[in-house]
There are 2 protein chains.
Amino acid sequence: MHNSIAHYVFPVTDDLVLGRQVCFALYAASRALTDVYRPILDEFGLTYPQYLVLLVLWERGDDAPTVSELGAALRLDSGTLSPLLKRLEAAGVLVRSRSAADERRVEVRLTDAGRALRERMCGVPLRVALATGLTEAELIGLRDTLNRVTETIHRQKEK
Amino acid sequence: MHNSIAHYVFPVTDDLVLGRQVCFALYAASRALTDVYRPILDEFGLTYPQYLVLLVLWERGDDAPTVSELGAALRLDSGTLSPLLKRLEAAGVLVRSRSAADERRVEVRLTDAGRALRERMCGVPLRVALATGLTEAELIGLRDTLNRVTETIHRQKEK
DNA sequence: CGCAATTGAGTTGTGCACAACCTAATGGGC
DNA sequence: GCCCATTAGGTTGTGCACAACTCAATTGCG
């Protein structure tokens, strides 16, 4: 029925039952949180990954990251970012331009409209945090645990 | 620069900085865990959502769930499940058939090959759990916190 | 200098996710 | 028995994700 040694060491991984799997909890919670974002970001004409790109650009201020720097921050590759950035450019919140110093690079910089969005969206994180029903301490603990998992996995992949 | 009241009540939601957002931690961790699954599930010719469908079917044993029962368990709608189930049927692990009692329903049941997969995949959860680098207690705590978030969000949506 | 290896971005193809819509089957009220 | 609202599943269209690939620009090494 199941691996009894694994069961002894790691009951939480027992059996192949959906409700016991951390992986499903993570997958379901991630989609649920995106559901919370959807109607909120819709007010600004953005999707969730597009909003993440703006978070990076707002944080960087005046220095314009390249596509691959954005990819490193968000852990997304050019296959995902290229069309996404094209849509954000069409929406008028950013501009893409080839670097003069290195013609391979494409620099991504906010337009005035993109910068203005930051002010208008400052209430968004709080609205989402409240929807989780967690306390601030729980949110911090959850965030740090998740970041540790992500780090562990990516360190292993580099080897 | 930021909402100072929100900052006072909820520093974790401060500013719109990527690294401080629980939402990004959740999104990144979910994708990282899927990256762990990908090469493992590839050995069995499955994707991660396909594996989740099999978890439900294995758990139900002899009673064959309908498409919407699968959707309720996984929180996925027919737009996602219909093509996914068609691919699993083409792969030979399950069969779809209209219910005799109610011609609107489609019952999903495992083939012998689908049932046999369960034995072959019993080691999968442990392999993934180890990759997270978390202790068993941390995994259980994480899972329960995430399930609470998902529940809270879905209860709010029903209203 | 010359050229092979590397890097950066984009494209293509597959598979989710989800909204919006469609059709057929069902069931309750009259 | 008839009608209409509801339910179940499927289809279409958009937008991620990611693997595999292409191509041009750059780098580094002999």
Side-chain angles (χ1 to χ4, degrees), chain A residues 23-24 27-39 41-42 45-54 64-72 74-91 96-108 150 153-154 157, chain B residues 23-24 27-39 41-42 45-53 64-72 74-91 96-108 153-154 157:
Chain A
C23 66
F24 177 67
Y27 166 78
S30 180
R31 283 188 298 126
L33 209 55
T34 304
D35 282 349
V36 174
Y37 271 103
R38 200 184 318 283
L41 295 180
D42 213 50
L46 295 172
T47 65
Y48 179 63
Q50 289 170 6
Y51 168 71
L52 294 178
V53 167
L54 288 183
T66 64
V67 172
S68 36
E69 285 167 352
L70 278 173
L74 298 172
R75 299 195 181 283
L76 291 170
D77 69 4
S78 68
T80 300
L81 283 174
S82 282
L84 191 159
L85 293 171
K86 217 178 279 184
R87 282 185 286 270
L88 283 176
E89 187 170 37
R96 294 175 307 147
S97 57
R98 290 276 164 189
S99 160
D102 184 342
E103 288 283 342
R104 290 171 306 178
R105 294 166 180 265
V106 168
E107 295 164 350
V108 179
T150 304
I153 291 173
H154 283 113
K157 253 203 342 193
Chain B
C23 66
F24 176 67
Y27 166 77
S30 180
R31 283 188 298 126
L33 209 55
T34 303
D35 282 348
V36 175
Y37 272 103
R38 200 182 320 280
L41 294 180
D42 213 50
L46 294 173
T47 66
Y48 179 64
Q50 289 170 7
Y51 169 71
L52 293 179
V53 167
T66 64
V67 172
S68 37
E69 284 167 352
L70 278 173
L74 298 171
R75 300 196 182 282
L76 292 171
D77 69 4
S78 67
T80 301
L81 283 175
S82 282
L84 190 159
L85 292 172
K86 218 178 278 184
R87 281 186 286 271
L88 283 175
E89 187 172 36
R96 295 176 306 146
S97 57
R98 290 277 165 187
S99 161
D102 184 342
E103 288 283 340
R104 290 171 306 178
R105 293 165 180 267
V106 167
E107 294 165 351
V108 179
I153 291 173
H154 283 111
K157 252 201 344 194

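Owing to the predicted nature of the structure, the values given are computational and were not obtained by experimental measurement. Below, read A as the first sequence line, B as the second, and so on, with proteins coming before strands; counting in each chain starts at 1.
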**OP:** Whole angstrom is fine here: how far is it from CZ in A:R96 over to P in C:dG10?
**Re:** 5 Å
Original post:
So, for B:L84 and B:P49, which heavy atoms are closest and what is the spacing to 0.1 Å?
Top reply: CD1-CB, 3.7 Å
Original post:
Taking atom P of D:dG10 as reference, at what distance in whole Å does atom CD of B:E107 sit?
Top reply: 12 Å
Original post:
Does A:S68 place a side-chain N or O at less than 4.0 Å from the phosphate oxygens OP1/OP2 of C:dT7?
Top reply: no
Original post:
Roughly how many Å is it from CD in B:E69 to C1' in D:dT7, rounded to a whole number?
Top reply: 13 Å
Subject >> Of residues 97-106 of chain B, the positions that come close to DNA chain C - non-hydrogen atoms, cut-off under 4.0 Å >> reply: B:A101, B:D102, B:E103, B:R104
Original post:
OH of B:Y48 versus C1' of D:dA19: gap in Å, rounded?
Top reply: 20 Å
Subject >> First encountered from the 5' end of DNA chain C, between A:V67 and B:T47 >> reply: A:V67
**OP:** Take B:T66 and A:P49, find for each the nucleotide of DNA chain D with the closest heavy atom, and name the residue whose nucleotide sits nearer the 5' end.
**Re:** B:T66
Original post:
Between A:R96 and A:V108, which heavy-atom pair has the shortest distance, and what is it?
Top reply: CG-CG2, 4.3 Å
Original post:
Taking CG from B:L85 and C1' from C:dA17, how many angstroms apart are they, rounded to a whole number?
Top reply: 14 Å
Subject >> Whole-Å gap separating C1' (C:dA9) and CD (A:E89) >> reply: 14 Å
**OP:** Taking only the side-chain nitrogens and oxygens of A:Y27, find out if one of them lies under 4.0 Å from OP1 or OP2 of C:dA17.
**Re:** yes
Subject >> Rounded distance (Å) that lies between atom P of C:dT14 and atom CG of B:L84 >> reply: 16 Å
Subject >> Distance, nearest 0.5 Å, that separates CZ of B:R38 from CG of B:D35 >> reply: 5.0 Å
Subject >> Taking every non-hydrogen atom, the tightest pair across A:Y48 and A:L41 >> reply: CA-CD1, 3.5 Å
**OP:** Calculate the interatomic distance between A:L74 atom CG and C:dA9 atom P; express it in whole Å.
**Re:** 14 Å
**OP:** Identify which one of B:V53, B:V106, B:L70 satisfies the side-chain contact (heavy atoms from CB on, under 4.5 Å) criterion when paired with B:P65.
**Re:** B:L70
**OP:** Examine D:dT14: is either OP1 or OP2 under 4.0 Å from a nitrogen or oxygen in the side chain of A:K86? Give yes or no.
**Re:** no
**OP:** Could you check whether the rings of A:Y51 and A:Y37 sit parallel, tilted or perpendicular, using 30° and 60° as the cut-offs?
**Re:** tilted
Original post:
Within less than 4.0 Å of OP1 or OP2 of C:dT11, is there a side-chain N or O belonging to A:S82?
Top reply: no
Could you run down the sub-3.5 Å N/O contacts of the protein with nucleotides 18-20 of chain C?
residue	atom	partner	partner atom	Å
C:dC18	OP2	A:R31	NH1	3.2

